[in-house]
**Q** 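Would you mind keeping the following structure in view while I ask a few things?
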Amino acid sequence: MPTYEYRCRNCGFTFEVSQKMSDVKLTTCERCEGELERLISGGTGFIAGGGTRGTAERPACGMERPCCGRDQVCGERACHHES
């Protein structure tokens with residue numbers, strides 16, 4: 001279940017709540033009854049797909065594939081730079 005972050009437009013109170021994606025957004029601040037806005041954040045929700053960018057399983061750049069913005073492999077050990 002995703003975690004959403006909310007902030008009150010009136011008092012600035014910020015909090016997180018776990019909700020189903022189909023749940024209705026919260027609208028009223030529990031502290032001052034002001035209007036809430038749901039914030040967009042990186043969060044820790046799940047990601048569908050099999051991407052491995054930035055993970056340990058990613059193949060090393062250099063000898064096996066291009067890296068550091070190059071169009072061809074460089075023939076050296078992995079440089080650990082992101083383009």
Side-chain angles (χ1 to χ4, degrees):
M1 193 173 327
T3 300
Y4 294 99
E5 187 175 10
Y6 286 89
R7 178 176 52 218
C8 177
R9 293 178 185 227
N10 185 49
C11 71
F13 176 58
T14 303
F15 64 97
E16 293 180 345
V17 62
S18 293
Q19 294 180 292
K20 292 179 184 176
M21 291 171 53
S22 60
D23 286 348
V24 177
K25 290 189 219 180
L26 301 179
T27 58
T28 306
C29 177
E30 63 185 45
R31 289 190 173 179
C32 74
E33 298 183 6
E35 181 184 357
L36 291 176
E37 62 180 337
R38 190 160 72 180
L39 304 176
I40 299 174
S41 62
T44 57
F46 79 95
I47 298 173
T52 58
R53 179 182 163 97
T55 65
E57 297 86 32
R58 191 180 93 204
C61 62
M63 295 179 161
E64 291 86 18
R65 65 186 191 120
C67 66
C68 302
R70 294 183 176 104
D71 292 328
Q72 298 178 353
V73 295
C74 62
E76 297 177 12
R77 291 187 158 273
C79 59
H80 304 292
H81 290 102
E82 292 291 329
S83 51

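In this text, all values refer to a predicted model and were calculated from it rather than measured experimentally.
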**Q** Only distances under 3.5 Å count here; give the side-chain donor-acceptor pairs of residues 19-30 to other protein atoms, sequence neighbours excluded, each with its distance to 0.1 Å.
**A**
from	atom 1	to	atom 2	distance (Å)
Gln19	OE1	Tyr6	OH	2.8
Gln19	NE2	Val24	O	3.4
Asp23	OD2	Lys20	N	3.0

**Q** Going by salt bridge (charged side-chain N to carboxylate O under 4.0 Å, His left out), name the residues that satisfy it together with Arg7, two or more places apart in sequence or in a different chain.
**A**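 Testing Arg7 for salt bridge (charged side-chain N to carboxylate O under 4.0 Å, His left out), a comparison that skips the adjacent residues, returns Glu37.
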**Q** Please say whether more than 12 non-hydrogen atoms of neighbouring residues, nucleotides or ligands are located less than 6.0 Å from CZ in Arg31.
**A**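 No - once you tally the heavy atoms of other residues, nucleotides and ligands closer than 6.0 Å, there are 12 at most.
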**Q** Going from OH on Tyr4 to CG on Leu39, what distance comes out if it is rounded to the nearest 0.5 angstrom?
**A**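 If I round to the nearest 0.5 Å, the distance is 13.0 Å.
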**Q** For Gly34 and Asn10, work out which heavy atoms get closest and say how close.
**A**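 Closest approach of Gly34 to Asn10: CA-CB, 4.0 Å.
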**Q** From Cys11 SG over to Glu35 CD, what is the distance, rounded to the nearest 0.5 angstrom?
**A** 12.0 Å
